[in-house]
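Have a look at the structure below, then the notes.
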Amino acid sequence: MALTMSSHSTLGVASLLFMVFHIAIITSSQSATIAVATAEYNVISLGARPDGITDSTQAFVGAWLKACGSERPATISVPPGRFLVGEATFSGPCKNNAVQWRIQGVVTAPADYNVLGNAWTWLLFQHVDGMSISGGVLDGQGAALWDCKASGKNCPTGATTILFSNSRNIAVSKLMSLNSQLFHIVIYECQNVRLQGVKVFASSDSPNTDGVHIQFSSGITIMNLRIGTGDDCVSVGAGTTNLCIENVACGPGHGISIGSLGKDLEEAGVENVTVKNVVFGGTQNGLRIKSWGRPSTGFAKNILFQHAIMSDVKNPMVIDQNYCPNSINCPGQFSGVKISDVTYHDIHGTSATEVAVKFDCSPKNPCTE
């Protein structure tokens, strides 16, 4: 329908402007009405103390229970200061899909490594759908345990700093993990997890302190990370699919590793992995795929390594299908893991050894295009 109006009709113009203005007000009002207020929980209000001495575990768990139990989106605030937190489990499912941790302070593990030494995990998130963690520092205080292990004494295994298990739609940004007793960040049986702007640091001689480990998970994005540790910067375990690693600076450490695969006879494979725009400095390895030298149904396929810079890396490009620590349960056998469709593009830099590229594929299941 055409709208006609005389150019001399001032009243008509005013009426039209009022009508448009009135509609805008109604639309704006409706938007404000639809917006849902966020529930907020401050750990100090629930009993936490930012002195690094008082045990604040119950306050953190209590904040989680309130946020997870809220039917509205919820924010857990951790103000500046040091908060001592022991072993803690944060379980879902929650009543909302938008729980946010806003961390400004430092969350520190107990100084006595025996407190967490046999716990396997310090901070566990499980069965959560829809959560974000922003900012803050997690200090695992693992140096004393590393020293114990180096001395050859009988020491506990240690605890992973933070584990996401059986969860989905998780986002972690601008978090720093320091001095974990064991692995820093583990993503296990998860879907749609994004780590961005995360920093991970531990001594170059700290044992088994992988920066990020992914296993039995899909739709994982690792972006803009800075990792320096005593083991793999990123390790990719069995059952990982649709993984993107981009803009990661690694060193010190053992590089970015797919594997070790084929530890078990019946094992899920790894596929659709992209690693690009990565920098390695003084690491033991650069881009590595490794599998145990024994029978397995595992595989690794559709892997892309692209735009990598190596600086003084001992083993820049490695495929090792004869991995057999201490020659136990594998001498005389061949890896059953099938490696195929692996692409290397624009990999350059310097090697600290004479052999920059080593592809030691399985004689029984040779690497294929």
Side-chain angles (χ1 to χ4, degrees), residues 38-142 158-167 169-188 190 193 195 198 200:
T38 300
E40 296 193 13
Y41 305 98
N42 189 308
V43 294
I44 289 181
S45 300
L46 293 169
R49 294 292 178 266
D51 56 13
I53 300 173
T54 305
D55 188 347
S56 297
T57 308
Q58 292 307 311
F60 275 67
V61 173
W64 171 260
L65 292 175
K66 289 180 178 295
C68 185
S70 171
E71 294 184 350
R72 298 182 291 162
T75 298
I76 300 171
S77 296
V78 181
R82 293 185 67 86
F83 297 88
L84 174 63
V85 174
E87 180 183 0
T89 298
F90 307 95
S91 296
C94 297
K95 292 185 177 180
N96 71 84
N97 300 110
V99 177
Q100 178 185 13
W101 287 82
R102 188 170 59 228
I103 307 175
Q104 296 176 289
V106 178
V107 182
T108 180
D112 181 0
Y113 58 74
N114 288 298
V115 176
L116 294 175
N118 294 311
W120 289 104
T121 305
W122 174 24
L123 305 172
L124 169 62
F125 290 87
Q126 60 182 2
H127 307 296
V128 178
D129 183 357
M131 182 188 73
S132 65
I133 299 175
S134 177
V137 178
L138 304 179
D139 186 355
Q141 300 214 81
T160 289
T161 288
I162 186 167
L163 166 63
F164 300 99
S165 173
N166 291 280
S167 297
N169 303 319
I170 306 295
V172 182
S173 63
K174 299 180 181 179
L175 178 71
M176 180 182 293
S177 178
L178 299 176
N179 301 329
S180 182
Q181 291 185 359
L182 208 60
F183 290 20
H184 284 259
I185 301 170
V186 172
I187 300 168
Y188 185 82
C190 292
V193 177
L195 305 184
V198 173
V200 175

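Because the structure is a prediction, the values reported are computed rather than measured.
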Less than 4.5 Å apart, any side-chain heavy atom of [X] and any of [Y]?
X: I44; Y: F83; value: yes
X: V78; Y: F60; value: yes
X: L163; Y: W120; value: no
X: W64; Y: C94; value: yes
X: V172; Y: V198; value: yes

For F125 and F90, take the angle between the two ring planes, folded into 0 to 90°, and tell me which bin it lands in: parallel under 30, tilted 30 to 60, perpendicular over 60.
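Rings of F125 and F90: parallel, as their planes differ by under 30°.
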Check [X] against [Y] and note the closest heavy-atom contact, atom names and distance.
X: S180; Y: T161; answer: OG-OG1, 2.8 Å
X: P50; Y: P80; answer: CB-O, 3.9 Å
X: C68; Y: G92; answer: SG-CA, 4.3 Å
X: G86; Y: D55; answer: N-OD1, 4.3 Å
X: A159; Y: L116; answer: CB-O, 3.5 Å
X: A88; Y: V85; answer: CB-CG1, 4.4 Å

To the nearest 0.5 Å, what is the distance between [atom1] ([X]) and [atom2] ([Y])?
X: L46; Y: K66; atom1: CG; atom2: NZ; answer: 6.0 Å
X: H184; Y: M176; atom1: NE2; atom2: CE; answer: 11.5 Å
X: F164; Y: L123; atom1: CZ; atom2: CG; answer: 9.0 Å
X: I53; Y: T108; atom1: CD1; atom2: OG1; answer: 11.0 Å
X: I133; Y: I170; atom1: CD1; atom2: CD1; answer: 7.5 Å
X: L175; Y: L138; atom1: CG; atom2: CG; answer: 4.5 Å

Among V186, L124, I185, whose side chain to side chain contact (heavy atoms under 4.5 Å, CB included) with T160 holds?
V186
Residue pairs involving residues 77-99 (criterion salt bridge (Lys or Arg N to Asp or Glu O under 4.0 Å); sequence neighbours excluded)
R82-D139
Does any N or O in the side chain of N97 come within less than 3.5 Å of the main-chain N or O of G130, such that one atom is a donor and the other an acceptor?
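No, because the side chain of N97 does not come within donor-acceptor range (under 3.5 Å) of the backbone of G130.
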Any sub-3.5 Å donor-acceptor pair from S77's side-chain atoms to N42's backbone N or O?
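No; zero donor-acceptor contacts below 3.5 Å.
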Can you tell me which residue pairs pass the side-chain hydrogen bond (donor to acceptor under 3.5 Å, both in side chains) test with a partner in residues 124-137, sequence neighbours excluded?
S91-Q126, D129-N169
By side-chain hydrogen bond (donor to acceptor under 3.5 Å, both in side chains) - contacts of S173 (at least two apart)
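Checked S173 against side-chain hydrogen bond (donor to acceptor under 3.5 Å, both in side chains); zero matches.
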Please name all residues satisfying side-chain hydrogen bond (donor to acceptor under 3.5 Å, both in side chains) with N114, sequence neighbours left out, ordered by chain then number.
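Partners of N114 by the side-chain hydrogen bond (donor to acceptor under 3.5 Å, both in side chains) criterion, ordered by chain and then number, come out as D112.
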Just jot down the ring pair (Phe, Tyr, Trp, His ring centres under 6.0 Å) partners of Y41, sequence neighbours excluded, or say none.
none
Using ring pair (Phe, Tyr, Trp, His ring centres under 6.0 Å) as the criterion, list what pairs up with Y113, not counting sequence neighbours.
none
